[in-house]
Asker: 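Please read through the structure below; I'll follow up with questions.
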Amino acid sequence: FWGLYMLTGKRAGALLGAQAPALGMWVGALLVLPFGLGGASEATFTLPVVLTIVGVGLLSSAIPYSLEMFALRRLPLKSYGILTSGEPVMGALMGLLLLGEQLPPAQWLGIAAIIVASMGTTWQGGRRRTEPA
């Protein structure tokens, strides 16, 4: 499904430009809305809760998804795939810093491998662009 996401995202970004993330967010919201409303009560919709919902939506979906669409339009799919593999790394590091989670050596090794691959694809892409044709 990740490959399908990258291919359709690249196509959507090329066809719709900056509107692609907005359309994707609307479709996603409409798909999950019945499930969310089914579990909600009137007490759930206080101002602090609504502000938290909006903040989480912006920081976890709207802004990152917009940045992904921006990157998909400009990067080769291989580079995009390697660079987005860093998302779980950031999740693991946030768990370490904010939640005090401990990472076993195998996870540290995986994080190092992802960082090296991301650096390699970034450097390789930069070389291709700067070489004369």
Asker: Could you give the distance from CG (Leu23) to CG (Leu15), rounded to the nearest 0.5 Å?
Answerer: 11.0 Å

Asker: Would you say that Trp26 contacts Leu31 through its side chain, given a criterion of any heavy-atom pair below 4.5 Å between the two side chains?
Answerer: no

Asker: Please report the interatomic distance CD1(Ile114) to CE(Met90), rounded to the nearest 0.5 Å.
Answerer: 12.0 Å

Asker: Between the side chain of Lys10 and the main-chain N/O of Leu75, is any donor-acceptor distance below 3.5 Å?
Answerer: yes

Asker: Which pair of non-hydrogen atoms, one from Pro64 and one from Leu59, has the smallest distance, and what is that distance?
Answerer: CG-O, 3.3 Å

Asker: Heavy-atom count check: over 12 atoms from other residues, nucleotides or ligands less than 6.0 Å from Gln19 CD?
Answerer: no

Asker: Dump the intermediate steps for side chain to side chain contact (heavy atoms under 4.5 Å, CB included) on Val50 and Thr46, then the final yes or no.
Answerer: CA-CA 6 Å; Val50 170; Thr46 62; over 6 Å; no

Asker: Count I, L, V, M, F, W, Y as connected when their side-chain heavy atoms are under 4.5 Å apart, and connections chain through other members. Are Leu93 and Ile115 then in the same cluster?
Answerer: yes

Asker: Tell me whether Val27 is reachable from Leu16 by hopping between hydrophobic residues (I, L, V, M, F, W, Y) whose side-chain heavy atoms are closer than 4.5 Å.
Answerer: yes

Asker: Is there a path of hydrophobic side-chain contacts, each under 4.5 Å between heavy atoms, that joins Tyr80 and Leu7?
Answerer: yes

Asker: Could you see if Leu109 belongs to whatever hydrophobic cluster contains Leu103? Use Ile, Leu, Val, Met, Phe, Trp, Tyr and a side-chain cutoff under 4.5 Å.
Answerer: no

Asker: How many angstroms lie between CD1 in Ile111 and CG in Leu96, if you round to the nearest 0.5 Å?
Answerer: 8.0 Å

